[in-house]
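These notes are about the structure you will find just below.
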Amino acid sequence: MQKPSIPQGTRDFGPAQVARRQHIFNVIRRTFETFGYAPLETPTLENLSVLTGKYGDEGDQLLFKVLNSGNFLVKERRGEITPFVTAEDLEAGPKAVLPKIAEKGLRYDLTVPFARYVAMNRGTLTFPFRRYQMQPVWRADRPQRGRYREFWQCDADVVGTDSLLCEAEIVLMMAQVLNGLGLDDFTIKINHRGVLRNIYQALGGEGQEADLFVAIDKLDKIGREGVTNELLTKGFTEPTIDTLFALLNMEGDYTGKLTRLLAGFVTAGVEPDGQRPTQDSDEDDDELTYYRGLNELNEVRELLEASGFRQFDRLEFDPTLARGLSYYTGCIFEVKINNVQMGSVSGGGRYDNLTGSFGLPGVSGVGFSFGVDRLYDCLETLDLFTDTSETPTRCLLTHFDPASGRAALPLLAELRAAGIPAELYPDASKLQKQFKYADAKGIPLVIVLGPEELAAGVAKIKIMKTGEETVLPLSEVVGALTV
RNA sequence: GUAGAUAUAGCUCAGCUGGUUAGAGCGUCGGAUUGUGAUUCCGAAGGUCGUGGGUUCGAGCCCCAUUAUUUACCCCA
């Protein structure tokens with residue numbers, strides 16, 4: 001006999017866990033649909049040509065590849081067998097062998113399959129196209145806290161519009177889901193790739209741009225010293241780093257930070273990359289609009305205000321927020337649940353050229369994603385799950401002997417027809433055992449239908465939580481329970 | 001890929017500087033006079049101590065290897 005096991009970084013979900021996860025999915029789905037997003041599902045398997053190169057070198061290594069079917073080592077044609085993987089291939093290493101033995105992989109996220117779908121269906125889609133997608137993704141990562149090899153993402157994206165209203169709605173949806181789940185203490189961080197680029201320019205464009213972003217993204221985690229050390233090893237000079245922290249070290253609220261950064265960029269002589277407003281807006285904003293990032297962040301805030309957004313204390317403009325995925329070009333988002341040691345539970349941003357690599361250039365998209373598994377972990381550590389039931393069953397019918405079991409069937413059918421999840425204990429076990437069963441499963445009601453009750457044409461209903469018992473004529477039972 | 005930790009009953013874990021038949025709680029099953037649950041009492045079942053070597057008169061404990069799990073780094077949801 002072998003010990004049963006499941007692959008590293010995967011989990012089984014028991015009935016109670018599934019119920020809780022469904023709750024999370026339902027809150028997210030309702031929110032997405034309220035905002036007009038339509039559901040989409042894509043295959044678990046994608047061709048590796050679709051997946052590779054989209055997530056950087058590190059991402060490619062984290063892809064789960066699926067071995068080709070059949071004898072993938074040879075090619076057989078009309079009885080003629082030629083080796084598919086040659087000795088030279090093996091000599092050259094995995095990179096030469098892999099494309100020959102694996103042409104499919106498990107999806108790594110939902111954004112790239114979505115981009116692939118948009119590119120393939122460009123003719124039939126009506127733009128702007130809003131879709132949401134809730135499916136598992138796989139990464140061959142080393143599992144640790146809040147990190148799994150199989151986990152579920154819930155994405156909502158819009159393609160085919162540059163409107164910043166989409167960005168504002170992302171913030172609204174994030175807040176609605178978190179509030180709906182009872183995760184009240186959260187921080188939505190927002191930044192803009194343009195701001196990061198301006199910061200880089202303000203430093204004089206010295207060193208690697210990507211290294212800079214990766215380093216400052218860790219500021220809240222490793223602190224100023226850690227970031228300084230990392231930047232020094234990447235070849236940044238101390239004066240540059242001082243300039244950087246002068247720019248980043250900003251107290252104040254959302255707009256306060258915007259104006260301070262603007263001043264910083266102007267003094268540093270950063271070349272404006274934004275466009276002057278085509279239509280008249282407030283004269284005060286004019287200077288801001290020279291910088292695309294700052295301008296868009298400001299506009300998103302204004303749109304939120306106009307939409308009735310009230311949780312500005314939970315929305316933070318964080319100029320150090322960088323995020324890894326390289327395809328972001330505009331606003332970027334990330335959500336942290338406070339007082340829980342957990343990575344971000346949601347993130348997203350705008351990509352100006354989402355479908356470009358699939359032969360459909362110039363399509364802008366913006367979207368974000370919830371990590372259901374992390375949301376679950378947060379809810380659990382904060383003890384925010386309320387339900388305890390392991391079963392949907394609301395009502396258990398007891399079973400005394402074959403005759404009473406048979407006699408209970410009409411009532412059972414009636415309850416189910418009324419939409420009340422019910423079950424009859426399958427065996428004529430001791431009543432004690434049947435009550436224990438109901439208790440262990442969290443079934444709230446037990447109907448005792450024994451020889452005595454049957455003789456009198458009544459049923460005894462026990463409310464497990466209170467222990468209270470009521471006797472009703474059989475005909476009134478369903479009516480009493482549907483109230 | 002780098003570094004650390006852990007592995008004993010179904011679950012969570014004890015197990016002394018190596019010493020005779022391996023422990024608890026929870027869970028499971030049975031019982032506490034007839035048809036009532038989570039509380040109480042009594043009882044039972046359940047372990048080749050991850051696997052393979054080694055040291056020793058003797059190993060759950062020490063050493064080596066191996067596998068699995070887990071935490072942190074990298075990166076990310």
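Chain letters run A, B, ... following the sequence lines, proteins first, then strands; residues in each count from 1.
- Distances from the side chain of Tyr148(A) to the nucleotides A32(B), G1(B), A77(B) place A77(B) closest.
- OP1 or OP2 of C73(B) has at least one side-chain nitrogen or oxygen of Lys221(A) nearer than 4.0 Å.
- Using a 4.0 Å cut-off between charged nitrogen and carboxylate oxygen, Arg130(A) and Asp157(A) do not count as a salt-bridge pair.
- Straight-line distance from the CD atom of Gln341(A) to the C1' atom of U70(B): 14 Å, rounded to whole Å.
- Taking atom OH of residue Tyr425(A) and atom C1' of nucleotide U36(B), one finds them 14 Å apart after rounding to whole Å.
- In the set G37(B), C75(B), G35(B), G35(B) carries the atom at the smallest distance from any side-chain atom of Val448(A).
- OP1 or OP2 of C75(B) has at least one side-chain nitrogen or oxygen of Lys218(A) nearer than 4.0 Å.
- In plain terms, the two heavy atoms of Met464(A) and Ile443(A) that are nearest each other are CG-O, 3.5 Å.
- Nucleic acid contact class of Gln61(A) (heavy atoms, under 4.0 Å, all strands): none.
- No contact: Phe370(A) has no heavy atom under 4.0 Å from any strand.
- Looking at Glu453(A), its side chain comes within 3.5 Å of the base of G35(B) through a donor and an acceptor atom.
- Lys336(A) comes within contact range of no nucleotide atom at all, as no heavy-atom separation falls under 4.0 Å.
- Looking at heavy-atom distances under 4.0 Å, Arg145(A) makes contact with sugar-phosphate atoms alone, never a base.
- In this structure, Tyr437(A) forms no aromatic stack with the base of G37(B), since the conditions of centre separation below 5.5 Å and plane angle below 30° are not both met.
- Within 4.0 Å of Thr398(A), counting heavy atoms only, lies no atom of the nucleic acid at all.
- Within 4.0 Å of Val214(A), counting heavy atoms only, lie sugar-phosphate atoms of the nucleic acid but no base atom.
- Here the two rings, on Phe64(A) and Tyr108(A), have centers that are 6.0 Å apart or farther.
- Distances shorter than 4.0 Å separate none of the side-chain N or O atoms of Arg142(A) from OP1 or OP2 on U2(B).
- Residue contacts shown for Gly467(A) include a base, since a base heavy atom lies under 4.0 Å away.
- Taking the six-membered ring for Trp and thresholds of 30 and 60 degrees, Phe368(A) and Phe32(A) have ring planes more than 60 degrees apart, a perpendicular arrangement.
- Across all strands, Glu452(A) comes closer than 4.0 Å to base atoms (heavy-atom distances).
- Set against A32(B), A77(B), C73(B), the side chain of Gln144(A) has C73(B) as its closest nucleotide.
- One finds a side-chain N or O of Gln432(A) lying less than 4.0 angstrom from the OP1 or OP2 phosphate oxygen of G37(B).
- Ile332(A) and Leu196(A) get closest at one heavy-atom pair: CD1-CD1, 4.2 Å.
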